**Student:** 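I have a structure here, written as structure tokens, and I will follow up with some questions on it.
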Amino acid sequence: MAKLKLSHIYKVYENGHKAVNDFSIDIADREFIVFVGPSGCGKSTTLRMIAGLETITAGDLFIGDTLVNDMEPKDRDIAMVFQSYALYPHMTVYENMAFGLRNRKMPEEEIKERVMKAAKILDIVDYLDRKPKQMSGGQRQRVALGRALVRDPKVFLLDEPLSNLDAKLRATMRSEITALHKSLNTTFIYVTHDQVEAMTMGTRIVVMKNGYVQQIDSPMNLYNYPYNKFVAGFIGTPQMNFFEVALMRTGDNTVVTFKNGDSITVPYEAVSKIDNSYLNAGKSVVFGIRPEHIELSRDGFGLKFVITNIEHLGNETIIYGKLGDQLGEFTMKDEGDGIIVKLVDNDEFEVGDVVNAMPKLNKLHFFDAETEITLIRNIPEYNTVTAEISGNRFKAFGSEAVMPPVIAAAAEGERSVDLVIPPQAIVRGGDFRLKVSRIEKTEGKNLAYLENGDRYLFAVVDDGVSAGEDYSFSLLYDKIGVRAEEKQLLAPLGDEVFLEGRFSKKEKRENGERVIHFFYDICGYSVEAAKEHGYKINSIDGDNCYTYTYRFAINRDKLRLVQDNGLNAVIVEKLDYGNVCFAKAKTDDGQEFLIKVDKDFNGQQVRVAFDSTDLSVYSTRIDMILC
Ligand code: ADP
């Protein structure tokens, strides 16, 4: 029984290949976590780092509360089951299971007790005298599980344990392993490339691609709310249908136009979380719909297609088609006009029929064509709101307000701008006022749908705000962006300041002993680094670490103006955002950053201090968070 924590884990192999990037997850005790993704995405590498069979390039791995990065595999209290079973062919099943315990010099009596107990759980008592070659694949895999089981480990790691078994046996073993997990109450981490295994076994699933985590979620959330097109396509069979479309809002409706010119109309409500900027046919969008979320009719509304093939699977019918009403010439090439529909056992349709597909309106998926990220997030990333400008005032949300100086400067010369407002940058109290249409509980937060003209303004609100009330609010101007047409006039301020510098060490004699201290040096200002971070940077980059440049990300709220020991900088500009003021400071080596100051601040020269506990260190050599 154990919890695990992976914090910014990276693996760079000796040949320079980055197999795992910035992998972070908190795994609770007794979870069944599945790593899934196509071959080569970094699943096994991550599992092997947890096992201690592979070194961790950067990041922290905790089992329980212990940092185990440098701990030997045998001391980690984990057991690993491999695809290849890895049984000793000359030993009996009993000896195979007892082997590890004998190595640990466990008394024979206790070994026997443990082997018998595991053999009972796995139903292999009758085979204990056999050699592996006298057993079937499924039985051998149970022996391999048994060998892990007898160790009574804190964590079970399983690397594609079922991939050598035939389909039927795989299905049986799947439910046996799930049942085993329930009965053991131990943490399981399971690697597979098979999405069915992942969906049926995992309490949470980590979907990976090219060394990057794509989404960590429960099986149902992955299916219902895929974060991007890759996850959407990876989970579910047959795969989700994808079409390039343009979206056009017309009053209460939105028209979805396909590349062949056909279109379907869906109510605006079904796409209300999609940002305005995608709803005027200006940007290309990928529309996704699962085969099981399409209804077919011979006449009526929908997307016309010709049926090219039908598969009757007994309980369900899979219909393949080609958009349009003409079959045209046969081609294997996928031109994005293929469609797959899954119906419950149906013999109504025939190859050659022209039918209409109508997607279920609460099952629509849309993705940005370029980033492939979903356009319908539970909590929208931002709202785009047009503000009309006159003089130093702007009009938005049906009210007029004085523009804070920074916004006014950015918008100078424009008659209207788009404000890009994250839902978290809308805060209670202030001059703007909109009616709450409804409150949705999602991701542990309250998302308010505020009625802003003909669309919603999404805001994260406190408990106690309810539908029907007038919500008065103001904007955190430093967190919003300003755009005109496609041009960014002002970027939102992030929570971190980035500065470059060096890493150094000093040896001192303290009480007769030699003690090493590490430092981050930024333009003449030295901050002492935590010892473990110092050793970590040194072990990742070797002694070259004292010559490399590092990037330090410092929490902006933790920067302090001080009288003496601090980073020297001159103030080049003061930025008044209304809700908060910043000074733009320039270091002697020309780096600029913004620091929060009082409204009446008028200093010319500042010293800025911060602690090493408030910063993260990035490598500039290879894109990686070191600590
Ligand atoms: P998966 O388990 O998802 O199939 P792996 O974790 O085995 O993927 O591998 C991830 C990537 O790292 C792959 O591109 C693989 O070729 C590469 N890789 C694995 N082991 C090594 C190694 N020892 N040296 C260099 N590259 C490796």
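Read the numbers this way: they start at 1 and go in the same order the structure lists the ligands and their atoms. Side-chain atoms are counted along with the backbone in the values below, which use heavy atoms only and exclude waters and symmetry mates. Computed from a predicted model, the values in this text were never measured in an experiment.
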**Student:** Could you tell me the residue and atom name of the protein heavy atom closest to atom 6 (O) of ligand 1, and the distance to it rounded to 0.1 Å?
**Tutor:**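 Scanning the protein heavy atoms, the shortest distance from atom 6 (O) of ligand 1 goes to T45 OG1, 2.5 Å.
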**Student:** Take atom 10 (C) of ligand 1 and look for protein heavy atoms under 4.0 Å from it; say yes if you find one, no if not.
**Tutor:**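 Under the 4.0 Å cut-off, atom 10 (C) of ligand 1 does have protein heavy-atom neighbours.
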**Student:** Taking the six-membered ring where the residue is Trp, are the ring centres of F23 and F35 under 6.0 Å apart?
**Tutor:**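 For F23 and F35, the ring centres are under 6.0 Å apart.
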**Student:** Report the part of H17 (side chain from C-beta onward, or backbone N, CA, C, O) that has a heavy atom under 4.0 Å from ligand 1; answer both or neither where that applies.
**Tutor:**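 It is the side chain that touches ligand 1; the backbone stays farther off.
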**Student:** Evaluate the side-chain proximity of F305 to I319: yes if any heavy-atom separation is below 4.5 Å, no if none is.
**Tutor:**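 SC-SC contact between I319 and F305 confirmed.
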**Student:** Under 4.0 Å from any heavy atom of G42, which atoms of ligand 1 are there?
**Tutor:**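 In order of numbering, the contacting atoms are 1 (P), 3 (O), 6 (O), 8 (O), 10 (C).
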**Student:** Less than 3.5 Å between some nitrogen or oxygen of C41 and one of ligand 1, yes or no?
**Tutor:**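 For ligand 1, there is an N or O atom that lies under 3.5 Å from one belonging to C41.
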**Student:** Is the ring centre of F518 less than 6.0 Å from the ring centre of Y535?
**Tutor:**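 Distance test on ring centres: under 6.0 Å, yes.
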**Student:** Without swapping roles, check the side chain of N69 against the backbone of L61 for a donor-acceptor pair under 3.5 Å.
**Tutor:**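 Flag set: sc N69 to bb L61 pair under 3.5 Å.
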**Student:** Please work out whether any backbone atom (N, CA, C, O) or any side-chain heavy atom from C-beta onward of N15 is under 4.0 Å from ligand 1, and answer side chain, backbone, both or neither.
**Tutor:**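 Side chain only; the backbone of N15 stays clear of ligand 1.
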**Student:** Could you tell me whether atom 26 (N) of ligand 1 has at least one protein heavy atom nearer than 4.0 Å?
**Tutor:**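 Under 4.0 Å from atom 26 (N) of ligand 1, at least one protein heavy atom found.
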**Student:** Under a 4.5 Å cut-off applied to non-hydrogen side-chain atoms, are H181 and L158 in contact?
**Tutor:**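 The answer is no, as the side chains (C-beta and beyond) never meet within the 4.5 Å cut-off.
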**Student:** For atom 4 (O) of ligand 1, find the nearest protein heavy atom and state the residue, atom name and distance (0.1 Å precision).
**Tutor:**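 Heavy-atom neighbour on the protein nearest atom 4 (O) of ligand 1: G40 N, 2.6 Å.
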**Student:** Just need the protein heavy atom nearest to atom 2 (O) of ligand 1, so name the residue and atom and give the distance.
**Tutor:**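 Result: S44 OG, 2.7 Å.
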**Student:** Mind checking whether Y520 and F552 have parallel, tilted or perpendicular rings, split at 30° and 60°?
**Tutor:**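 Y520 vs F552 ring planes: tilted.
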**Student:** Side-chain contact, heavy-atom cut-off 4.5 Å: R174 with E197?
**Tutor:**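 R174 vs E197: side chains touch.
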**Student:** Starting from atom 19 (C) of ligand 1, what is the nearest protein heavy atom, named by residue and atom, and what distance separates them?
**Tutor:**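 Going atom by atom, the protein heavy atom closest to atom 19 (C) of ligand 1 ends up being Y13 CE1, 3.5 Å.
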